[in-house]
2 protein chains.
Amino acid sequence: MIKLEKIKSTPIPTLKRLTRYLSVIHQLKESKTDYISSTEIANIMGLDPIQVRKDLEFTGISGFPRLGFKIDDLHFAIKEILNWNNTEDAFLVGAGSLGQAILGYDRFKSCGLKIIAGFDINPELIGKKISNIEIYHINKIPNLIKRLNVKIGIICVPASSAQDVVDLMVDNGILALWNFAPIHVNVPSDIIIENAQLSQSLGILTHKLAEKIKAY
Amino acid sequence: MIKLEKIKSTPIPTLKRLTRYLSVIHQLKESKTDYISSTEIANIMGLDPIQVRKDLEFTGISGFPRLGFKIDDLHFAIKEILNWNNTEDAFLVGAGSLGQAILGYDRFKSCGLKIIAGFDINPELIGKKISNIEIYHINKIPNLIKRLNVKIGIICVPASSAQDVVDLMVDNGILALWNFAPIHVNVPSDIIIENAQLSQSLGILTHKLAEKIKAY
DNA sequence: TAGATTGTTAATCGATTAACAATC
DNA sequence: TAGATTGTTAATCGATTAACAATC
């Protein structure tokens with residue numbers, strides 16, 4: 001009888017840690033070492049070595065007893081899981097201060113993301129180039145999503161217009177949304193949505209700080 | 001024999017969802033309704049009603065059978081858990097484009113955060129006001145942290161200088177750090193660090209998108 | 001060889017989900 | 001009253017941690 005192997009997909013907590021390992025590994029690539037062990041990564045980041053090993057399993061590459069993992073292989077394999085070895089085109093909507101900061105953020109290029117156009121309704125912005133990316137009027141979105149086959153939309157508009165912009169992009173075939181608007185938006189179940197939600201991160205910080213201060 | 005009640009602290013996943021409920025509740029406050037049930041919140045956000053109820057337990061307030069929870073009370077109680085009813089002063093270091101976007105982001109005021117000064121090393125920025133917040137030279141940090149008793153530091157410097165800035169702030173008594181630099185930084189175990197890590201969020205998105213495209 | 005590390009299998013822990021009585 | 005919802009206790013699920021044999 002054929003045993004079907006259960007393919008277990010990478011858990012979200014593992015994905016999050018993998019991106020963090022990547023930045024540590026990236027730094028170590030500069031140094032002379034060829035290998036890195038899960039123990040070393042764990043020590044640097046203050047994590048459990050067993051957890052690191054378990055996470056690295058999902059990359060599918062195997063290490064060498066006594067040596068660890070080949071840094072270059074590990075680096076490549078993690079980028080592969082995140083799909084950062086490929087580049088996806090993206091549209092950014094809302095070229096306010098946060099939008100402009102993201103347009104100018106070089107780093108995303110090494111994270112598989114290429115923002116190829118920005119959109120806004122502010123006439124002063126339309127036609128301008130920000131960090132060499134042209135800003136169009138929002139009403140160009142339907143046409144351009146289809147023509148350029150763009151799959152990722154980045155939402156940097158105010159909370160009040162976020163749902164409308166999301167609907168517009170979804171209706172025109174966007175597949176994934178990265179939402180920076182501080183609000184819950186509804187999307188059909190087959191659309192990928194990832195909330196950057198700065199306030200979520202801030203909430204954890206202020207909560208912990210309050211606990212800490214209370215403890216005195 | 002006295003039974004000591006085990007006080008269970010709010011789990012991180014619950015805290016994250018609580019901040020999201022807050023934004024939904026905030027919108028509903030405008031509407032006429034006085035009460036909201038966990039079922040309604042769950043429907044709006046596409047979550048399990050049981051999970052919402054469980055999360056709301058941590059606020060300590062009790063609901064009314066058949067009605068749900070008083071919106072105002074719930075709103076207040078969630079802000080209380082996050083410590084968003086108080087305001088903490090914060091310093092922001094690195095007034096580049098991301099730093100400037102954060103300095104201008106009004107929303108954090110309602111999240112218990114008040115950025116009272118910015119820091120940079122760029123002479124063109126020092127002395128300037130950005131969104132009405134003055135930018136000082138980084139060498140003013142030690143003196144000012146102590147004098148103003150600031151507890152929160154926001155790191156918006158490039159990866160290459162993040163660790164140095166973190167060390168400087170920790171050495172001078174900062175208690176909590178909100179790190180936007182795309183790098184792992186080391187802090188003593190008693191210092192709270194929260195990584196905003198946009199790339200982590202992006203990694204999840206690009207991974208999911210790749211899985212989705214593969215599935216075709 | 002000795003020892004450090006991997007890789008696998010099992011145990012534990014905690015969060016999510018389920019079940020159901022209590023309440024208005 | 002009937003019915004929707006809360007709140008509590010139990011069951012399930014999945015992630016983390018532990019244990020240990022295999023490897024170079």
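Fair warning: this is a prediction, and the values are worked out from it, not measured in the lab. Proteins get letters first, then strands, A, B, ... in listed order; numbering begins at 1 in each.
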Would you please test B/Asp72 and B/Lys29 for side-chain contact (heavy atoms from CB on, under 4.5 Å) and show each step? CA-CA 7 Å; B/Asp72 288 346; B/Lys29 270 187 76 155; 3.5 Å; yes
Contact under 4.0 Å: A/Thr39 side-chain N or O vs C/dA4 OP1/OP2: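 No.
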Would you please confirm or rule out a distance under 4.0 Å between OP1 or OP2 of D/dT5 and any side-chain N or O of B/Ser38?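 So the side chain of B/Ser38 is outside the cut-off, no N or O lying under 4.0 Å from OP1 or OP2 of D/dT5.
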Which string of ( ) [ ] | and . matches DNA chain D, if you list each base 5' to 3' and count Watson-Crick or G-U pairs only when both distances are under 3.5 Å? ..||||||||||||||||||||||
Search all heavy atoms of B/Thr19 against all heavy atoms of B/Lys16 and return the closest pair with its distance.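 Answer, listing the atom of B/Thr19 first, then B/Lys16: OG1-O, 2.8 Å.
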What closest approach, in Å, do A/Trp178 and B/Leu198 show between heavy atoms, and which atom pair accounts for it?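 Result for this residue pair: CZ2-O, 3.4 Å.
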What is the distance, to the nearest angstrom, from the [atom1] atom on [X] to the [atom2] atom on [N]?
X	N	atom1	atom2	value
A/Phe69	C/dA4	CZ	P	18 Å
A/Glu57	C/dT8	CD	P	6 Å
A/Leu56	C/dG7	CG	C1'	12 Å
B/Glu40	D/dA4	CD	C1'	11 Å

Taking salt bridge (charged side-chain N to carboxylate O under 4.0 Å, His left out) as the cut-off, I'd like each qualifying pair that reaches into residues 98-109 of chain B, sequence neighbours left out, listed once.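 Residue pairs passing salt bridge (charged side-chain N to carboxylate O under 4.0 Å, His left out), neighbours aside: B/Asp106-B/Lys109.
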May I ask you to decide whether B/Lys208 forms a salt bridge with B/Glu211, counting only side-chain N to carboxylate O separations under 4.0 Å?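 No, B/Lys208 and B/Glu211 are not salt-bridged.
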Polar contact flag, side-chain donor to acceptor under 3.5 angstrom, B/Asp55-B/Gln51: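 Their side chains do not contain a donor-acceptor pair, so the 3.5 Å distance test is not met.
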Approximate separation, where rounding is to 0.5 Å, of B/Phe58 CZ and B/Leu15 CG: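 Rounded to the nearest 0.5 Å, the CZ-CG separation comes to 9.0 Å.
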Once base and sugar-phosphate atoms are separated, protein heavy atoms under 4.0 Å mark nucleotides 15-24 of chain D, 5' to 3', with B, S and - as SSBB----BB
Take atom NZ of A/Lys212 as the centre, draw a 6.0 Å sphere, and report whether it contains more than 12 heavy atoms from other residues, nucleotides or ligands.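 Correct, the count exceeds 12.
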